[in-house]
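Below is one structure, written out as C-alpha coordinates; the observations come after it.
In what follows, chains are A, B, ... by sequence order, proteins preceding strands, each numbered from 1.
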2 protein chains.
Amino acid sequence: MNAEHMAKLFKILGDDKRLRILLCIGKNRCSVSEIIGNTSFSQTLVSFHLRILREACILKAERQGAFIYYQLVDAELLDLVSKFNEFVSKMPLEIREEEYSCPCPPTGNNILTGRYGKFSNLVLKK
Amino acid sequence: MNAEHMAKLFKILGDDKRLRILLCIGKNRCSVSEIIGNTSFSQTLVSFHLRILREACILKAERQGAFIYYQLVDAELLDLVSKFNEFVSKMPLEIREEEYSCPCPPTGNNILTGRYGKFSNLVLKK
DNA sequence: TATTTATATAAATATATACTCATATTATAA
DNA sequence: TTATAATATGAGTATATATTTATATAAATA
(Lines give C-alpha, C1' and ligand atoms only; values in the text may rest on other atoms or scores of the structure.)
Protein backbone atom coordinates (compact mmCIF):
# COMPACT_ATOMS: atom_id res chain seq x y z
CA MET A 1 0.00 0.00 0.00
CA ASN A 2 1.20 3.48 -0.74
CA ALA A 3 0.72 5.59 2.35
CA GLU A 4 1.61 8.85 0.65
CA HIS A 5 -0.90 8.53 -2.15
CA MET A 6 -3.64 7.34 0.13
CA ALA A 7 -2.96 10.11 2.63
CA LYS A 8 -3.50 12.65 -0.13
CA LEU A 9 -6.91 11.25 -0.94
CA PHE A 10 -7.87 10.92 2.72
CA LYS A 11 -6.73 14.48 3.37
CA ILE A 12 -8.96 15.75 0.61
CA LEU A 13 -11.89 13.79 2.03
CA GLY A 14 -10.99 14.92 5.53
CA ASP A 15 -12.89 18.17 5.39
CA ASP A 16 -16.55 18.19 6.28
CA LYS A 17 -17.49 20.93 3.85
CA ARG A 18 -15.72 19.20 0.99
CA LEU A 19 -17.46 15.98 1.92
CA ARG A 20 -20.81 17.70 1.99
CA ILE A 21 -20.16 19.06 -1.48
CA LEU A 22 -19.24 15.57 -2.67
CA LEU A 23 -22.30 14.00 -1.07
CA CYS A 24 -24.46 16.76 -2.48
CA ILE A 25 -23.24 15.97 -5.98
CA GLY A 26 -23.50 12.25 -5.37
CA LYS A 27 -23.72 10.26 -8.54
CA ASN A 28 -25.43 13.14 -10.31
CA ARG A 29 -24.31 16.11 -12.25
CA CYS A 30 -24.63 19.41 -10.41
CA SER A 31 -24.14 23.01 -11.30
CA VAL A 32 -22.22 25.20 -8.89
CA SER A 33 -25.42 27.09 -8.18
CA GLU A 34 -27.16 23.93 -7.11
CA ILE A 35 -24.30 23.10 -4.78
CA ILE A 36 -24.37 26.57 -3.27
CA GLY A 37 -28.13 26.29 -2.84
CA ASN A 38 -27.95 22.89 -1.19
CA THR A 39 -25.06 23.57 1.14
CA SER A 40 -25.56 27.27 1.81
CA PHE A 41 -21.81 27.72 1.63
CA SER A 42 -20.55 30.92 0.07
CA GLN A 43 -19.87 30.95 -3.66
CA THR A 44 -16.14 31.46 -3.17
CA LEU A 45 -15.89 28.70 -0.64
CA VAL A 46 -17.70 26.28 -2.93
CA SER A 47 -15.49 27.25 -5.86
CA PHE A 48 -12.42 26.92 -3.66
CA HIS A 49 -13.29 23.37 -2.64
CA LEU A 50 -14.45 22.41 -6.12
CA ARG A 51 -11.07 23.38 -7.43
CA ILE A 52 -9.34 21.16 -4.89
CA LEU A 53 -11.59 18.24 -5.79
CA ARG A 54 -11.17 18.89 -9.49
CA GLU A 55 -7.39 19.21 -9.35
CA ALA A 56 -7.25 15.95 -7.43
CA CYS A 57 -9.17 14.32 -10.27
CA ILE A 58 -12.03 13.45 -7.96
CA LEU A 59 -14.45 15.69 -9.80
CA LYS A 60 -14.61 16.72 -13.40
CA ALA A 61 -16.23 19.88 -14.69
CA GLU A 62 -18.08 20.67 -17.83
CA ARG A 63 -19.34 24.01 -18.94
CA GLN A 64 -22.79 24.31 -20.40
CA GLY A 65 -23.61 27.87 -21.24
CA ALA A 66 -23.11 30.06 -18.24
CA PHE A 67 -23.27 27.10 -15.91
CA ILE A 68 -20.52 24.69 -14.98
CA TYR A 69 -21.54 21.18 -14.03
CA TYR A 70 -19.55 18.95 -11.76
CA GLN A 71 -19.63 15.21 -11.37
CA LEU A 72 -17.50 12.44 -9.95
CA VAL A 73 -14.71 11.12 -12.16
CA ASP A 74 -15.16 7.68 -10.62
CA ALA A 75 -18.49 7.18 -8.90
CA GLU A 76 -17.12 4.18 -7.03
CA LEU A 77 -15.67 6.68 -4.59
CA LEU A 78 -19.15 7.23 -3.23
CA ASP A 79 -19.52 3.54 -2.42
CA LEU A 80 -16.25 3.59 -0.56
CA VAL A 81 -17.25 6.69 1.34
CA SER A 82 -20.52 4.99 2.17
CA LYS A 83 -18.64 2.01 3.62
CA PHE A 84 -16.60 4.37 5.72
CA ASN A 85 -19.78 5.94 6.94
CA GLU A 86 -21.01 2.57 8.16
CA PHE A 87 -17.71 2.00 9.86
CA VAL A 88 -17.76 5.38 11.57
CA SER A 89 -21.31 4.90 12.77
CA LYS A 90 -20.19 1.74 14.55
CA MET A 91 -17.24 3.48 16.19
CA PRO A 92 -17.16 4.56 19.82
CA LEU A 93 -18.86 7.88 20.21
CA GLU A 94 -15.77 9.90 20.91
CA ILE A 95 -14.61 10.39 17.35
CA ARG A 96 -18.08 11.64 16.56
CA GLU A 97 -18.06 14.25 19.29
CA GLU A 98 -16.93 17.83 19.08
CA GLU A 99 -13.91 17.23 21.27
CA TYR A 100 -13.33 13.59 20.57
CA SER A 101 -10.99 12.00 23.00
CA CYS A 102 -11.43 8.32 23.56
CA PRO A 103 -10.86 7.78 27.26
CA CYS A 104 -7.71 5.84 26.58
CA PRO A 105 -6.48 6.73 29.16
CA PRO A 106 -9.75 7.63 30.80
CA THR A 107 -10.03 10.57 33.12
CA GLY A 108 -8.13 10.06 36.33
CA ASN A 109 -6.11 7.22 34.93
CA ASN A 110 -3.07 7.20 32.80
CA ILE A 111 -1.88 5.05 29.97
CA LEU A 112 1.20 4.45 32.00
CA THR A 113 -0.70 2.90 34.85
CA GLY A 114 -2.18 0.16 32.77
CA ARG A 115 -5.89 0.91 33.02
CA TYR A 116 -7.52 2.60 30.05
CA GLY A 117 -9.90 2.00 27.19
CA LYS A 118 -13.62 2.56 27.63
CA PHE A 119 -14.65 -0.82 26.32
CA SER A 120 -11.82 -3.05 27.29
CA ASN A 121 -11.57 -2.38 31.02
CA LEU A 122 -7.98 -3.33 30.73
CA VAL A 123 -5.90 -4.17 33.72
CA LEU A 124 -2.19 -4.41 34.04
CA LYS A 125 -0.91 -7.64 32.53
CA LYS A 126 2.33 -8.87 34.08
CA MET B 1 -24.29 10.06 5.87
CA ASN B 2 -22.68 12.22 8.50
CA ALA B 3 -20.06 14.38 6.83
CA GLU B 4 -18.66 15.74 10.07
CA HIS B 5 -17.98 12.38 11.64
CA MET B 6 -16.54 10.94 8.48
CA ALA B 7 -14.34 13.98 7.93
CA LYS B 8 -12.81 13.44 11.35
CA LEU B 9 -11.85 9.89 10.51
CA PHE B 10 -10.58 10.84 7.06
CA LYS B 11 -8.56 13.67 8.55
CA ILE B 12 -6.88 11.28 10.92
CA LEU B 13 -6.11 8.91 8.06
CA GLY B 14 -4.99 11.82 5.91
CA ASP B 15 -1.43 11.91 7.16
CA ASP B 16 1.13 9.68 5.53
CA LYS B 17 3.12 9.10 8.68
CA ARG B 18 0.05 8.14 10.65
CA LEU B 19 -0.97 5.81 7.87
CA ARG B 20 2.45 4.22 7.83
CA ILE B 21 2.18 3.63 11.55
CA LEU B 22 -1.24 2.06 11.06
CA LEU B 23 -0.05 -0.13 8.20
CA CYS B 24 3.00 -1.09 10.21
CA ILE B 25 0.79 -2.30 13.03
CA GLY B 26 -1.63 -3.93 10.62
CA LYS B 27 -3.72 -6.60 12.26
CA ASN B 28 -0.94 -7.37 14.72
CA ARG B 29 0.06 -6.10 18.08
CA CYS B 30 3.12 -3.86 18.06
CA SER B 31 5.23 -2.24 20.72
CA VAL B 32 6.19 1.38 20.25
CA SER B 33 9.80 0.30 19.81
CA GLU B 34 8.84 -1.95 16.92
CA ILE B 35 6.98 0.91 15.27
CA ILE B 36 9.94 3.24 15.72
CA GLY B 37 12.22 0.56 14.30
CA ASN B 38 10.02 -0.09 11.29
CA THR B 39 9.26 3.49 10.40
CA SER B 40 12.45 5.21 11.55
CA PHE B 41 10.34 8.06 12.87
CA SER B 42 11.49 9.73 16.06
CA GLN B 43 10.16 8.40 19.36
CA THR B 44 8.27 11.61 20.09
CA LEU B 45 6.73 11.71 16.65
CA VAL B 46 5.55 8.11 16.94
CA SER B 47 4.12 8.76 20.39
CA PHE B 48 2.49 11.93 19.13
CA HIS B 49 0.67 10.10 16.34
CA LEU B 50 -0.13 7.09 18.49
CA ARG B 51 -1.89 9.39 20.87
CA ILE B 52 -4.00 10.85 18.10
CA LEU B 53 -4.91 7.38 16.86
CA ARG B 54 -5.61 6.19 20.37
CA GLU B 55 -7.74 9.16 21.34
CA ALA B 56 -9.75 8.68 18.17
CA CYS B 57 -10.42 5.10 19.25
CA ILE B 58 -8.67 3.73 16.21
CA LEU B 59 -5.93 2.11 18.27
CA LYS B 60 -5.95 0.69 21.73
CA ALA B 61 -2.92 0.39 23.96
CA GLU B 62 -1.92 -2.16 26.52
CA ARG B 63 1.07 -2.04 28.79
CA GLN B 64 3.13 -5.15 29.28
CA GLY B 65 6.06 -4.47 31.52
CA ALA B 66 8.06 -1.58 30.21
CA PHE B 67 6.54 -1.95 26.77
CA ILE B 68 3.25 -0.63 25.50
CA TYR B 69 1.56 -2.56 22.74
CA TYR B 70 -0.79 -1.06 20.24
CA GLN B 71 -3.39 -2.69 18.05
CA LEU B 72 -6.42 -1.73 16.03
CA VAL B 73 -9.68 -1.39 17.92
CA ASP B 74 -11.55 -2.59 14.83
CA ALA B 75 -9.38 -4.41 12.32
CA GLU B 76 -12.00 -3.92 9.63
CA LEU B 77 -10.50 -0.48 9.16
CA LEU B 78 -7.54 -2.09 7.45
CA ASP B 79 -9.80 -3.71 4.88
CA LEU B 80 -11.41 -0.38 4.15
CA VAL B 81 -8.03 1.28 3.84
CA SER B 82 -6.99 -1.49 1.51
CA LYS B 83 -10.01 -0.83 -0.70
CA PHE B 84 -9.08 2.82 -0.78
CA ASN B 85 -5.62 1.84 -1.82
CA GLU B 86 -6.99 -0.04 -4.80
CA PHE B 87 -9.10 2.93 -5.69
CA VAL B 88 -6.19 5.33 -5.47
CA SER B 89 -3.98 3.10 -7.55
CA LYS B 90 -6.56 3.29 -10.33
CA MET B 91 -6.79 7.07 -10.14
CA PRO B 92 -5.16 9.41 -12.64
CA LEU B 93 -1.55 9.94 -11.75
CA GLU B 94 -1.89 13.50 -10.59
CA ILE B 95 -3.15 12.83 -7.09
CA ARG B 96 -0.22 10.51 -6.64
CA GLU B 97 2.35 13.12 -7.64
CA GLU B 98 4.22 15.50 -5.43
CA GLU B 99 2.36 18.51 -6.75
CA TYR B 100 -0.82 16.88 -7.83
CA SER B 101 -2.87 19.03 -10.09
CA CYS B 102 -5.13 17.26 -12.50
CA PRO B 103 -4.97 19.27 -15.69
CA CYS B 104 -8.57 20.32 -15.32
CA PRO B 105 -8.11 22.92 -16.71
CA PRO B 106 -4.92 21.88 -18.43
CA THR B 107 -2.03 24.23 -18.96
CA GLY B 108 -2.82 26.96 -21.41
CA ASN B 109 -6.50 26.39 -21.16
CA ASN B 110 -8.98 27.50 -18.64
CA ILE B 111 -12.02 25.93 -17.09
CA LEU B 112 -13.91 28.92 -18.29
CA THR B 113 -13.12 28.25 -21.91
CA GLY B 114 -14.69 24.85 -21.92
CA ARG B 115 -11.71 22.63 -22.67
CA TYR B 116 -10.11 20.75 -19.82
CA GLY B 117 -9.71 17.30 -18.36
CA LYS B 118 -6.87 15.02 -19.35
CA PHE B 119 -9.07 12.09 -20.20
CA SER B 120 -12.21 13.70 -21.41
CA ASN B 121 -10.95 16.08 -24.09
CA LEU B 122 -14.01 18.08 -23.45
CA VAL B 123 -15.26 20.64 -25.84
CA LEU B 124 -17.78 23.33 -25.31
CA LYS B 125 -21.30 21.96 -25.35
CA LYS B 126 -23.92 24.47 -26.39
C1' DT C 1 -23.00 47.08 -26.09
C1' DA C 2 -23.93 47.66 -21.10
C1' DT C 3 -25.55 45.01 -17.38
C1' DT C 4 -26.36 40.99 -14.91
C1' DT C 5 -25.61 36.19 -13.71
C1' DA C 6 -22.58 32.30 -12.97
C1' DT C 7 -18.31 31.12 -11.76
C1' DA C 8 -13.14 31.29 -10.98
C1' DT C 9 -8.94 32.93 -8.92
C1' DA C 10 -5.09 35.32 -6.37
C1' DA C 11 -3.87 37.03 -2.28
C1' DA C 12 -4.56 38.05 2.58
C1' DT C 13 -5.89 36.30 6.89
C1' DA C 14 -7.26 32.99 10.28
C1' DT C 15 -6.95 28.60 12.08
C1' DA C 16 -5.52 24.00 12.60
C1' DT C 17 -2.14 20.54 12.33
C1' DA C 18 2.46 18.41 12.40
C1' DC C 19 6.83 18.36 14.46
C1' DT C 20 10.44 19.19 17.93
C1' DC C 21 12.29 20.04 22.44
C1' DA C 22 12.59 19.43 27.04
C1' DT C 23 11.01 16.80 30.67
C1' DA C 24 8.16 13.35 33.14
C1' DT C 25 6.59 8.52 34.26
C1' DT C 26 7.05 3.61 34.74
C1' DA C 27 9.47 -0.55 34.78
C1' DT C 28 13.66 -3.05 34.84
C1' DA C 29 18.41 -3.96 35.51
C1' DA C 30 22.78 -3.03 37.65
C1' DT D 1 18.62 2.54 45.30
C1' DT D 2 20.56 4.30 41.32
C1' DA D 3 20.80 4.12 36.44
C1' DT D 4 18.82 2.99 32.19
C1' DA D 5 15.30 1.75 28.80
C1' DA D 6 10.62 2.47 27.04
C1' DT D 7 7.28 5.59 26.52
C1' DA D 8 4.25 9.78 27.26
C1' DT D 9 3.29 14.61 27.49
C1' DG D 10 3.04 19.82 27.47
C1' DA D 11 4.50 23.65 25.23
C1' DG D 12 6.65 26.03 21.60
C1' DT D 13 7.47 26.49 16.68
C1' DA D 14 6.82 25.61 11.92
C1' DT D 15 3.90 24.56 8.33
C1' DA D 16 -0.23 23.65 5.98
C1' DT D 17 -5.00 24.29 5.27
C1' DA D 18 -9.49 26.69 5.35
C1' DT D 19 -11.88 30.96 4.79
C1' DT D 20 -12.67 35.59 3.25
C1' DT D 21 -11.95 39.60 0.37
C1' DA D 22 -11.52 41.67 -3.75
C1' DT D 23 -11.50 41.14 -8.46
C1' DA D 24 -11.65 38.77 -12.96
C1' DT D 25 -13.77 35.98 -16.79
C1' DA D 26 -17.45 34.17 -19.61
C1' DA D 27 -22.09 33.87 -21.10
C1' DA D 28 -26.69 35.62 -21.29
C1' DT D 29 -29.80 39.27 -21.41
C1' DA D 30 -31.69 43.88 -21.66
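Each of B:E34 and B:R51 has a nearest nucleotide on DNA chain D; the 5'-most of these lies closest to B:E34.
A straight line from CD of B:E55 to P of C:dT17 spans 13 Å, rounded to a whole angstrom. The CZ atom of B:F41 sits 18 Å away from the C1' atom of D:dT7 (whole-angstrom rounding). One atom, CG of A:L53, and another, P of C:dA8, lie 12 Å apart when rounded to the nearest Å. Rounded to an integer number of Å, the gap from CD1 of A:I68 to P of D:dA27 is 9 Å. Going from atom CD1 of A:I21 over to atom C1' of C:dA8 covers 14 Å, rounded to whole Å. Between the P atom of C:dA6 and the CZ atom of A:R63 lies a distance of 12 Å, rounded to the nearest Å. If you measure from atom CD of A:Q64 to atom C1' of C:dT7, you get 15 Å, rounded to the nearest angstrom. One atom, CD1 of A:I35, and another, C1' of C:dT7, lie 11 Å apart when rounded to the nearest Å.
With sequence neighbours left out, A:Q43 forms a side chain to side chain donor-acceptor pair (under 3.5 Å) with A:S47. A search for side chain to side chain donor-acceptor pair (under 3.5 Å) contacts involving B:E34 returns B:S31, not counting sequence neighbours. Partners of A:E86 under the side-chain contact (heavy atoms from CB on, under 4.5 Å) rule, at least two apart in sequence or in another chain, are A:S82. In this structure A:N2 satisfies the side chain to side chain donor-acceptor pair (under 3.5 Å) test together with A:H5, sequence neighbours excluded. The salt bridge (Lys or Arg N to Asp or Glu O under 4.0 Å) search around B:D79 returns B:K27, not counting sequence neighbours. With sequence neighbours excluded, no residue forms a side chain to side chain donor-acceptor pair (under 3.5 Å) with A:T39.
In the set C:dT7, C:dT20, D:dG10, C:dT20 carries the atom at the smallest distance from any side-chain atom of B:S42. In the set C:dT26, C:dA8, D:dG10, C:dA8 carries the atom at the smallest distance from any side-chain atom of A:T44.
Under the ring pair (Phe, Tyr, Trp, His ring centres under 6.0 Å) criterion, the residue pairs touching residues 7-53 of chain A are A:F10-A:F84, A:F10-B:F10, A:F10-B:F84, with sequence neighbours excluded.
How far CG of A:L72 is from CG of A:N28: 9.5 Å, rounded to the nearest 0.5 Å.
Across all strands shown, the partner of C:dT23 is D:dA8, judged by Watson-Crick or G-U wobble contacts whose two distances both fall under 3.5 Å.
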Any N/O pairs under 3.5 Å between the protein and nucleotides 16-19 of chain D? List them or say none.
unit_1, atom_1, unit_2, atom_2, d
D:dA18, OP1, A:D15, OD2, 3.3
D:dA18, OP1, A:R18, NH1, 3.2
D:dA18, OP1, A:R18, NH2, 2.6
D:dA18, OP2, A:R18, NH1, 3.1
D:dT19, OP1, A:K17, NZ, 2.9
D:dT19, OP2, A:H49, NE2, 2.9

Which atom pairs link the protein and nucleotides 3-5 of chain C when you take only N or O atoms and keep those under 3.5 Å?
none

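Contact between the side-chain N/O atoms of B:Y70 and the OP1/OP2 oxygens of D:dA6 is not found at any separation under 4.0 Å.
Under 3.5 Å, the side chain of B:Q43 and the base of D:dA8 form at least one donor-acceptor pair of N or O atoms.
Salt-bridge formation is detected for the pair A:R29/A:E62: a Lys NZ or Arg NE/NH1/NH2 atom is positioned less than 4.0 Å from an Asp or Glu carboxylate oxygen.
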